[in-house]
Asks: 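Here it is, the structure, as structure tokens.
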Amino acid sequence: MWERTLQDLIRGLRANKKDESQFIAKAIEEIRTEIKGDDMELKAGAVLKLTYLDMLGYDMGWAAFHVVEVMSSPRIHLKTVGYLAATQSFDQETDVLMLTTNLLKKDLISTPADIAITLNGISHIVTPDLARDLSPELIRMLTHSRPHIRKRAVAALYRVMVKYPEVSEHAISRLKERLEDDDPGVVAATVNVLCELTRHNPEQYLTLAPPLFHLMTTSTNNWMLIKIIKLFGSLSPHEPRLVKKLQPPITELISTTPAISLLYECVHTCIIGGMLSGPSGDSLARTCVSKLANFIQDADQNLKYIALLAMVKIVPTHAYLVSQYQDTIMASVSDQDMSIRMRALDLVSAMVNQSNLQSIVQQLLSHLVTDHSAAPTAAQSLAQNVASPNSTKGFSSPSQTPAYRLILAQHILDMCSHDTYDNVTNFEWYLSVLVDLAHVANVNIGAQIRDQLVDVVTRVRGARRFAVKLMYTLLSDDSMLRNAHEEGSCSEVLWAAAYICGEYGSELQDPQKLLPLLLQPEISNLSPDIISVYIQAATKIFGFWAADLASRWSDDDLQQVKDLVQLVLTGVGKFVASPHIEVQERAANTSQLFAFIQADLNSYRPKPDIPSFTDAGSSFDSITEPHFPKSLLLIEPLVSSYELNPVAPNAQASVAVPDGLDLDSWIIPPPVETKPVEIEEKKTKKSKKGKGKELSSTKVKNGKKKKKDDGDSLNGGNGGILTPVDAETEEERAERERRRAERLERLKDDPYYIMDKAPSRPSPAPEDVDSIPVVRLDDMPSLSDIDSRLPSLRAASPQVSSEPYYIDKVGEMPRNAVAPLTQPLPPSRQSTPGLGGVAAPSPVPLLSNAFQQYEGADADTRASTPDPVVVVRTKKKTKSGTGTGMGKKKRTRDLPAS
């Protein structure tokens, strides 16, 4: 036995660093031998070495019983080793703890040295069962004659009350007595325990307020004062009378104490305790803010951090006081410490109001515009602190990670959009800020900027003219279009720019100049959703421009219109075969629409001037042609008939479900296919007869059954006959064949279904050609002239007013919010992101009836709704004539007038 003491074990570990695991394994084997002996000194030495190895990560749970043996030693130095090992290795699941109850009770009535060691151990190893059994002894220890025993008993009682709350009622009265103890250490320990207990259940300790208040006004111990003030911060929200009682002494402490930690705790207690509210709290709040502002200017980064943290909590009630130190707070945004910068941003966002919003946003934008360099090295920071240790200025260029730039940009958006733009007084300025932020953010925040651009323009009518002009400038700048695929590019704002110009195209000065920008070849670099909005916006802008041109038509404008139509067809034609279905659909629809316009323009011939009629009654009898191509008025009614307004958040919930509408039922139920009768048993079952020949129900070739004609049978050996179709009748087989033929006919033109050979199709019935409706498209219909002068198709742009902007915060509610809708609503043109849903359409007067609408071949020329068009569909013949009939079935549907 060469290993005896802990010092020898430590020396051996240091000498065997290369093969440490092997040395420890050998040492543990030696300890196992030592710990089983009868010599208590040797056993205690082995436990002490195990305690050291346990701190290195080696388990000593196998020696728990031997630890209890050492704890029961009558020698004080050995008992100390046992309790030390117990506090190091025992936990709540240790089995031998149930054996220590009587041992602990015995030690608690022993000598003062044994009692002190036992109280220290109980604080670490106490369990709910031990807390229940030992609580009477611990409460008796609170009145011990030795102060250090009372102090240890108070600390141990805290752990007992946490594990066994039932003892709290009796323990609180004893703790109240300890607040008046003669020993300051006992009083400080009691205050510390009460400060921890009040965090869990403050109402239970309200009776301790009088002695605590007495201690606060008489004690000079800053550490204990901090604990008492923390305790009152937990009690005052549950006792309003404490607030008025605590204001004078806390105000005096804030004004006189030189201890910064005590000063901060007083300010924090005033905030969380509700002492800053009311007329009497204004002066206290002013004092607190001034003290915190001095902390912000201090060179100590810790003081600066806690001051910003405390000011964030004062802002909700006293924002006007915090805003007085705006420059001091904004200087912290440039601090090198990231945590201080984040707290400063939180404080800046909270103290924003209508008067300081623009200045704060401009200063935050300057941080994004500046090209910041990398953070200083440790050597540079050390050199600066050595040169000027009291300097409060950091490096002029703090580091800005992409995550920080994203947070900074989000704070700008949150400040401006708070409470539906309540702090924004100039929306032209805010729209400019959004565009500037899209250029300088260099982070992925384009979607949020896009939503706010659309939301502002939709809600604030007075800002639409400026917004359209600004979006035109944005679309004209090819830098964002060129960098669309780069990381940090806010190309989503192009979506908003195209949408706003298309939706409010009547505000454009020269709409035709924007079409080449929307349909340039470079837009193929954008995402599919932006391309689709570009195509839609080009259609809307052309509609506004063409309708305005029709009101002041001159034959000299014909070539310009043709050129623009050809431009649209060329630009949109590249996306007709786009792999993205949304882009493809919009491009295809736009191409067909403009192809119709192009055909009308090609067939247009200049006409003489429209005569002026003075008799209004005769104008209805005279049918004349317009002096401009009628297709110029084709698009504008489609995009301007209904205005898109913001929708109230609960608008959809207010729309009643119509009677008889079941949203869970099938609109078109799926076809029910009857499976053919499968004789699985006959197919797989085999029988042997005669000389071992096998008989199978069907022969399989290429994985399919070989079908036989009706009446055929399969002979499989010595006369065994099986008929696989005996289970179905003639009518069922005919119906199955008919369904199969229809299915193959339906799948013939399916591009996702590969046919081996062309299916046999039933012979179609002769089509009734005379019943097909014919609509004349070659000649343009005549129009009824009401007035010689055409009505104005483009409303005058609203003049910019000096009055405050009106923000539509509520949104539009459905008109039929109670009763079910009696008439179907027209479809909205497009949903707006960030507006809470699809805008409910509001009726807008349609175009004037100065011209007739397009009419069918047999339609009546009167202004009333035409009769429904009867569409005759011929029903196909079935393969077999049984069970079905041939003939014509008439189906009618109402077609809207063109």
Side-chain angles (χ1 to χ4, degrees), residues 1 3-6 9 24-141 149 152-153 155-167:
M1 294 296 181
E3 191 71 42
R4 291 293 183 183
T5 63
L6 177 61
L9 177 64
I24 291 178
K26 183 178 179 180
I28 291 177
E29 291 298 326
E30 180 186 343
I31 292 172
R32 288 179 182 273
T33 304
E34 294 175 352
I35 207 170
K36 295 178 182 178
D38 296 332
D39 188 355
M40 190 59 69
E41 292 282 351
L42 188 61
K43 189 188 293 289
V47 169
L48 190 59
K49 289 185 287 185
L50 280 177
T51 304
Y52 179 77
L53 293 176
D54 185 78
M55 289 188 291
L56 297 181
Y58 296 92
D59 181 41
M60 62 172 293
W62 56 272
F65 183 78
H66 301 290
V67 172
V68 176
E69 288 181 332
V70 178
M71 290 170 59
S72 63
S73 175
R75 301 179 183 180
I76 186 63
H77 67 284
L78 300 182
K79 185 183 290 290
T80 303
V81 173
Y83 275 99
L84 174 63
T87 58
Q88 176 66 30
S89 61
F90 286 5
D91 55 22
Q92 299 294 309
E93 304 298 330
T94 303
D95 297 335
V96 298
L97 279 176
M98 66 178 64
L99 305 176
T100 62
T101 304
N102 291 330
L103 173 63
L104 296 173
K105 286 187 176 183
K106 179 183 177 181
D107 290 341
L108 285 176
I109 59 176
S110 185
T111 62
D114 291 343
I115 294 174
I117 296 172
T118 305
L119 290 174
N120 291 340
I122 289 175
S123 300
H124 293 85
I125 66 175
V126 65
T127 62
D129 294 336
L130 286 177
R132 181 192 62 229
D133 298 335
L134 299 177
S135 56
E137 285 76 11
L138 288 175
I139 291 177
R140 281 197 297 269
M141 290 296 105
I149 298 297
R152 285 180 170 84
L157 189 60
Y158 167 71
R159 299 289 299 173
V160 170
M161 295 175 69
V162 172
K163 296 292 183 180
Y164 186 62
E166 287 79 359
V167 76

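Since the model is a prediction, treat every value here as computed from it, not as a measurement. For the single chain, residues carry numbers from 1 onward in sequence order. Computed over heavy atoms, backbone and side chain alike; hydrogens, waters and symmetry mates excluded.
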Asks: What do the steps show when you test Leu99 against Leu103 for side chain to side chain contact (heavy atoms under 4.5 Å, CB included), and what is the final call?
Replies: CA-CA 8 Å; Leu99 305 176; Leu103 173 63; over 6 Å; no
Asks: If every non-hydrogen atom of Ala85 is compared with every non-hydrogen atom of Val67, which pair is closest and at what distance?
Replies: CB-CG1, 3.8 Å
Asks: Compare every heavy atom of Ile115 with every heavy atom of Ser110, then report the nearest pair and how far apart it is.
Replies: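 So the two residues come closest at O-CD1, 3.4 Å.
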Asks: Taking all non-hydrogen atoms of both residues, which atom of Ser135 and which atom of Val160 are closest, and how far apart?
Replies: CB-CG1, 4.1 Å
Asks: I need the Ile122 CD1 to Thr100 OG1 distance, nearest 0.5 Å.
Replies: 8.5 Å
Asks: Looking at every non-hydrogen atom in both residues, tell me the closest pair between Val70 and Leu78 and how far apart they are.
Replies: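 Reported closest heavy-atom pair: CG1-O, 3.2 Å.
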Asks: Assess the side chains of Thr94 and Asp91: does a donor N or O sit below 3.5 Å from an acceptor N or O?
Replies: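 Short answer, yes.
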Asks: Is any side-chain heavy atom of Lys49 closer than 4.5 Å to one of Leu53?
Replies: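 Not touching, per the 4.5 Å side-chain cut-off.
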Asks: Any side-chain heavy-atom pair from Leu48 and Tyr52 closer than 4.5 angstrom?
Replies: no
Asks: Count the heavy atoms belonging to other residues, nucleotides or ligands that lie under 6.0 Å from CE of Met98, then report whether that count exceeds 12.
Replies: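 No - once you tally the heavy atoms of other residues, nucleotides and ligands closer than 6.0 Å, there are 12 at most.
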Asks: So how far is it from Arg159 CZ to Leu134 CG, rounded to the nearest 0.5 Å?
Replies: 14.0 Å
Asks: Is there a side chain to side chain contact (heavy atoms under 4.5 Å, CB included) between Phe90 and Val68 once you walk through the steps?
Replies: CA-CA 10 Å; Phe90 286 5; Val68 176; 4.1 Å; yes
Asks: What is the distance from atom CG of Leu50 to atom CG of Leu6, rounded to the nearest 0.5 Å?
Replies: 10.5 Å
Asks: Under the side chain to side chain contact (heavy atoms under 4.5 Å, CB included) rule, collect the residues that match up with Asp59, sequence neighbours excluded.
Replies: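 If we apply the side chain to side chain contact (heavy atoms under 4.5 Å, CB included) test to Asp59, skipping adjacent residues, there are no hits.
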Asks: Is it true that the side chains of Tyr164 and Asp133 contain a donor and an acceptor less than 3.5 Å apart?
Replies: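 Looking only at side-chain atoms, Asp133 and Tyr164 do not form any donor-acceptor pair under 3.5 Å.
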Asks: Nearest 0.5 angstrom please: Leu97 CG to Leu130 CG, how far?
Replies: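 That separation rounds to 6.0 Å.
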Asks: Thinking salt bridges, do Glu137 and Arg140 make one under a 4.0 Å N-O criterion?
Replies: yes
Asks: Quick check: do Met141 and Ile149 have side-chain heavy atoms less than 4.5 Å from each other?
Replies: yes
Asks: Is the shortest heavy-atom distance from the side chain of Asn120 to the side chain of Arg152 under 4.5 Å?
Replies: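 Yes - at least one pair of side-chain heavy atoms lies under 4.5 Å apart.
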Asks: Find the distance between CG (Leu119) and NE2 (His124) and round it off to the nearest 0.5 Å.
Replies: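 NE2 of His124 is found 12.0 Å from CG of Leu119.
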Asks: Hey, could you give me each pair passing side chain to side chain donor-acceptor pair (under 3.5 Å) that has a residue in residues 62-73? Not counting sequence neighbours.
Replies: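 Every side chain to side chain donor-acceptor pair (under 3.5 Å) pair that includes a residue of residues 62-73, provided the two are not neighbours, is Lys43-Glu69, His66-Glu69.
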Asks: Taking atom types as modelled, find out whether Thr111 and Asp114 have a side-chain donor-acceptor pair closer than 3.5 angstrom.
Replies: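 A pair is found: one side chain offers a donor N or O, the other an acceptor, under 3.5 Å apart.
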Asks: Roughly how far, to the nearest 0.5 Å, is NZ of Lys105 from OG1 of Thr118?
Replies: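 If I round to the nearest 0.5 Å, the distance is 14.0 Å.
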Asks: Decide yes or no for His77 and Glu41: does some side-chain heavy atom of the first lie under 4.5 Å from some side-chain heavy atom of the second?
Replies: yes
Asks: Please name the pair of heavy atoms, one in Gln92 and one in Val126, separated by the smallest distance, quoted to 0.1 Å.
Replies: NE2-O, 3.0 Å
Asks: Is there side-chain contact between Asp95 and Phe65, with at least one heavy-atom pair below 4.5 Å?
Replies: no
Asks: Does a side-chain heavy-atom distance below 4.5 Å link Val167 with Ile139?
Replies: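 With C-beta onward as the side chain, the pair touches.
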Asks: Could you tell me which non-hydrogen atom of Ala44 sits nearest to which non-hydrogen atom of Val81, and how far apart they are?
Replies: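 Scanning both residues, the minimum pair turns out to be O-CG1, 3.6 Å.
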Asks: Should Lys79 and Asp107 count as side-chain neighbours, where that means a heavy-atom distance under 4.5 Å?
Replies: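 Of all side-chain heavy-atom pairs linking Asp107 with Lys79, at least one is under 4.5 Å.
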